[in-house]
Asker: 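Following this message is one structure expressed as structure tokens.
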Amino acid sequence: MAFHTPTPPLLLERFYLRYPETTAFSLEAVDLRLAAAERLALVGPSGCGKSSLARAVLGLLPPGSETRGRLQLSGQDPFSLSAAALRSLRGRAVGLVFQDPMTRLNPLLSIGDHLRDLLVAHGHLRGGALREEARGLLERVGIGPERLGDYPHQFSGGMRQRVAIALAMALRPPLVIADEPTTSLDVCVAARVMEELCSLCEASGSALLLITHDLALAGSWCERMAVMEQGRLLETSSAVRLLTRPEAPLSRRLVRAARLREGGASPKRQRTAALLEVRELRCWHRLSGPLPWQGSWLPAVDGIDFSLESGETIGVVGASGCGKSTLCRALMGLVPLRGGSVLLRGELLHTLRGSRLRRARRQLQMVFQDPLACLNPAMTVARAIADPLRIHALEQGRGDRLQRVQAVLEQVGLTSVRDVLDRLPRQLSGGQQQRVAIARALILQPRVLICDEAVAMLDSVVQAEILALLRQLREQLGLAILLITHDLGLAASFCHRVLVLEQGRIVEEGPGDVLLRQGQAAATRRLIEACPRLPHTV
């Protein structure tokens with residue numbers, strides 16, 4: 001079933017791309033050659049053209065797009081093919097692993113249906129042979145064949161990504177494109193996913209084009225790296241050389257920013273009064289059984305104790321399913337408590353009602369992982385930021401509202417305020433979107449900010465900018481920050497203290513730099529071992 005070809009799986013020579021109704025080229029004079037079984041990482045800041053290159057390779061450009069130069073996929077030009085021939089080429093010549101597997105999987109189809117549909121569309125398997133091939137594909141990515149009848153929502157994030165890999169590798173294509181395949185996964189699951197992806201590529205002889213903003217991940221799994229900026233390839237070399245001796249200015253900035261978040265010394269601070277106190281907090285999830293009365297309970301948060309002081313940042317780290325997200329929801333009052341208490345400035349939150357609860361909730365705000373998903377796509381930036389003022393009846397006329405919005409935008413570093421006010425979220429870069437999300441949280445003047453993987457989807461330079469912004473806000477406003485992350489190195493360099501969660505419990509806590517060097521708990525050691533690191537400079 002493999003689509004064997006003696007030519008390079010991917011070849012671009014002086015390739016240009018311009019989208020319809022735009023004057024500038026999104027890709028300019030791109031030269032790139034990927035040999036069989038080679039692994040190349042394509043890195044660069046948001047909007048540099050990485051995803052545009054992947055779309056061009058797959059022939060997924062909008063009508064009216066202009067291309068120049070040469071692009072060959074297993075020796076064929078995808079732009080010269082008919083729609084039917086292009087569909088046939090996809091899957092046989094190239095497989096794609098998406099960032100979010102839920103956008104790849106149909107929620108109404110079982111996992112087995114996904115695999116069988118792909119095999120039928122590109123082959124002639126039927127009956128028992130089709131079932132056996134589907135079972136084998138699932139087993140190759142470490143999932144038992146008994147799960148063929150399950151649906152995407154019944155799988156964890158890591159398992160869904162493994163299914164996406166199985167779909168991409170089903171026809172053993174000469175080229176696999178993985179577009180940010182581990183961004184939404186914790187470091188332990190990400191390591192397993194990348195190991196499986198690379199081993200399958202090696203076994204099939206497939207080349208891998210890894211699109212990522214994580215330089216350490218790229219250096220750990222790819223032999224070569226290419227850096228892109230504004231649609232141009234600035235630098236292409238071996239991964240070790242680029243990460244230890246970068247030449248292009250952007251490459252140096254990316255590497256410097258990546259090294260800054262690899263677990264430097266944890267910041268120190270003076271003790272202050274506690275703003276948020278969590279005492280013996282318990283939240284259990286109801287699990288369904290074969291019959292309605294045969295369910296069970298999962299202790300997602302099981303007796304957590306900590307206090308967060310004014311101006312302090314605490315990092316909460318752990319693998320997927322350890323209870324981080326449930327802890328966030330419990331603090332925000334989005335899930336019921338099974339036991340324990342949450343005190344904000346001495347008030348028990350779960351006992352408050354009406355206007356007192358609304359006033360308390362203004363003091364506790366949240367910044368989410370994906371800013372585009374938490375901002376209303378139909379609202380302009382000005383409306384999105386002002387909306388909390390309207391909800392809490394804090395605005396005093398249109399002039400006051402606009403003045404507050406402009407002030408908070410300047411506070412989060414969006415200096416060209418008037419250029420941003422009337423834009424929609426999709427018209428902003430990833431870093432700008434996250435600054436708007438932070439501004440929306442700050443408009444209510446909270447005392448505690450919960451950041452749930454707030455920089456996970458950003459490239460290393462933008463990550464450094466957002467973290468610097470949060471430090472500045474912490475110092476200027478005395479904000480207490482709870483940073484939820486799977487990256488122990490990032491938490492160590494940014495947070496005053498770090499809590500390591502496993503199965504809903506705190507298994508270890510202390511300064512992050514100490515945990516990185518002398519972590520005792522098994523969960524801490526697994527996080528350290530799974531976290532990719534940049535090579536040491538000579």
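Worth knowing before you read on, the calculation uses all heavy atoms, side chains too, and leaves out hydrogens, waters and symmetry mates.
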Asker: List the atom of V301, the atom of G323, and the distance in Å for their closest heavy-atom pair.
Answerer: CG2-O, 3.8 Å
Asker: Is Q365 close to L442 at the side-chain level, that is, under 4.5 Å between some pair of heavy atoms?
Answerer: no
Asker: Tell me if a side-chain donor or acceptor on R435 pairs with a main-chain N or O of V412 at a distance below 3.5 Å.
Answerer: yes
Asker: Is any side-chain heavy atom of L470 less than 4.5 Å from a side-chain heavy atom of V367?
Answerer: no
Asker: Main chain of N106, side chain of H114: is a donor-acceptor contact present, judged purely on distance under 3.5 Å?
Answerer: yes
Asker: Closest heavy-atom contact between T22 and Y19?
Answerer: OG1-O, 2.5 Å
Asker: Could you pull out the closest heavy-atom pair between A382 and V405, with the gap in Å?
Answerer: O-CG2, 4.0 Å
Asker: Within a 6.0 Å radius of atom CD on Q270, are there more than 12 heavy atoms belonging to other residues, nucleotides or ligands?
Answerer: no
Asker: Tell me, do L348 and V342 make a side-chain contact under 4.5 Å, heavy atoms counted?
Answerer: no
Asker: With side chains defined as the heavy atoms from C-beta onward, is the minimum distance between L483 and I314 less than 4.5 Å?
Answerer: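 They are not in contact (no side-chain heavy atoms under 4.5 Å apart), so the answer is no.
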Asker: Near Q154 CD, under 6.0 Å, is it more than 12 heavy atoms from other residues, nucleotides or ligands?
Answerer: yes
Asker: If you define the side chain from C-beta out and look only at heavy atoms, does anything of C188 sit under 4.5 Å from L527?
Answerer: yes
Asker: Measuring from L479:CG to T313:OG1, what's the distance to the nearest 0.5 Å?
Answerer: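 Taking CG in L479 and OG1 in T313, the distance rounds to 8.5 Å.
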Asker: Please report the shortest heavy-atom distance between G489 and L516, naming the atom on each side.
Answerer: CA-CD1, 4.1 Å
Asker: Find the distance between CD (Q411) and CG (L473) and round it off to the nearest 0.5 Å.
Answerer: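 One gets 6.0 Å once the value is rounded to the nearest 0.5 Å.
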Asker: Give a yes or no on whether the backbone of S310 and the side-chain of T272 come within a donor-acceptor separation of less than 3.5 Å.
Answerer: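 Such a contact is found between T272 side chain and S310 backbone.
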Asker: Without swapping roles, check the side chain of E277 against the backbone of L343 for a donor-acceptor pair under 3.5 Å.
Answerer: no
Asker: Test salt bridge (Lys or Arg N to Asp or Glu O under 4.0 Å) on R526 and E502 and set out the steps.
Answerer: CA-CA 11 Å; R526 285 195 298 270; E502 184 178 36; 2.4 Å; yes
Asker: Take atom CD in Q230; do more than 12 heavy atoms of anything else shown fall under 6.0 Å from it?
Answerer: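 It does not: Q230 CD has 12 such atoms or fewer within range.
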Asker: Which is it for V163 and V141 under the side chain to side chain contact (heavy atoms under 4.5 Å, CB included) test, yes or no, and what are the steps along the way?
Answerer: CA-CA 7 Å; V163 172; V141 294; 5.8 Å; no
Asker: Q432 and Q427: side chain to side chain contact (heavy atoms under 4.5 Å, CB included), yes or no, with the steps?
Answerer: CA-CA 9 Å; Q432 288 175 324; Q427 296 173 311; over 6 Å; no
Asker: Quick one: does any side-chain atom of R160 pair with a main-chain N or O of F155 as donor and acceptor, under 3.5 Å?
Answerer: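 Indeed, once roles are kept as given, a pair shorter than 3.5 Å links the two residues.
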Asker: Hey, mind stepping through S325 and D452 against side chain to side chain contact (heavy atoms under 4.5 Å, CB included) and telling me if it holds?
Answerer: CA-CA 8 Å; S325 295; D452 187 7; 4.3 Å; yes
Asker: Nearest 0.5 Å, what's the CG-CZ distance between L490 and F494?
Answerer: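 Going from the CG atom of L490 to the CZ atom of F494 covers 8.0 Å.
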Asker: Would you call K50 and E180 a salt bridge, taking side-chain N to carboxylate O under 4.0 Å as the test?
Answerer: no
Asker: Could you check whether R271 pairs with E312 (Lys NZ or Arg NE/NH1/NH2 to Asp/Glu carboxylate O, under 4.0 Å)?
Answerer: no
Asker: Considering only heavy atoms from C-beta outward, does the side chain of R471 approach that of R474 to under 4.5 Å?
Answerer: yes
Asker: Do side-chain atoms of Q520 reach the backbone of Q518 as a donor and acceptor pair under 3.5 angstrom?
Answerer: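 Indeed, once roles are kept as given, a pair shorter than 3.5 Å links the two residues.
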Asker: Do V381 and L428 have side chains that approach each other closer than 4.5 Å (heavy atoms only, starting at C-beta)?
Answerer: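 In short, these two side chains touch, coming nearer than 4.5 Å.
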Asker: If every non-hydrogen atom of V317 is compared with every non-hydrogen atom of A491, which pair is closest and at what distance?
Answerer: CG1-CB, 3.9 Å
Asker: To the closest 0.5 Å, what do you measure between CZ (R447) and CZ (R345)?
Answerer: 4.5 Å
Asker: Out of curiosity, L344 CG to L352 CG, how far, rounded to the nearest 0.5 Å?
Answerer: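 CG of L352 is found 9.0 Å from CG of L344.
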Asker: As a quick check of understanding, evaluate salt bridge (Lys or Arg N to Asp or Glu O under 4.0 Å) for D302 and R505, giving each step before the final call.
Answerer: CA-CA 6 Å; D302 194 15; R505 296 175 177 270; 3.0 Å; yes
Asker: For a side chain to side chain contact (heavy atoms under 4.5 Å, CB included) with F306, tell me which candidate from L281, V316, L327 qualifies.
Answerer: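 Filter result, single survivor: L327.
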Asker: Is there a donor-acceptor contact under 3.5 Å from the side chain of Q434 to the main chain of A454?
Answerer: yes
Asker: Establish, from distance only, whether the side-chain atoms of T380 and R423 form a donor-acceptor pair under 3.5 Å.
Answerer: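 Their side chains do not contain a donor-acceptor pair, so the 3.5 Å distance test is not met.
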Asker: Is R440 close to P388 at the side-chain level, that is, under 4.5 Å between some pair of heavy atoms?
Answerer: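 With C-beta onward as the side chain, the pair touches.
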Asker: Under a 4.0 Å threshold between the charged nitrogen and the carboxylate oxygen, would R404 count as salt-bridged to D400?
Answerer: yes
Asker: Do NZ/NE/NH1/NH2 and the carboxylate oxygens of D305 and R279 come within less than 4.0 Å?
Answerer: no
Asker: Give a yes or no answer on whether the side chain of H213 reaches the backbone of Q463 with a donor-acceptor pair at less than 3.5 Å.
Answerer: no
Asker: For G512 versus S266, what's the shortest heavy-atom pair and its separation?
Answerer: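 Scanning both residues, the minimum pair turns out to be N-OG, 3.2 Å.
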Asker: L482 and L449: side chain to side chain contact (heavy atoms under 4.5 Å, CB included), yes or no, with the steps?
Answerer: CA-CA 6 Å; L482 193 67; L449 199 62; over 6 Å; no
Asker: For H486, is there any backbone N or O sitting under 3.5 Å from a side-chain donor or acceptor partner on E453?
Answerer: yes
Asker: Going by the rule side chain to side chain donor-acceptor pair (under 3.5 Å), which residues pair with T182 if we only count those two or more places apart in sequence or in a different chain?
Answerer: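 For T182 there are no side chain to side chain donor-acceptor pair (under 3.5 Å) partners, ignoring immediate neighbours.
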Asker: Any chance you could measure L243, atom CG, to R259, atom CZ, to the nearest 0.5 Å?
Answerer: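 Reported to 0.5 Å precision, the distance equals 7.0 Å.
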Asker: E508: which residues meet the salt bridge (charged side-chain N to carboxylate O under 4.0 Å, His left out) condition with it, sequence neighbours left out?
Answerer: none
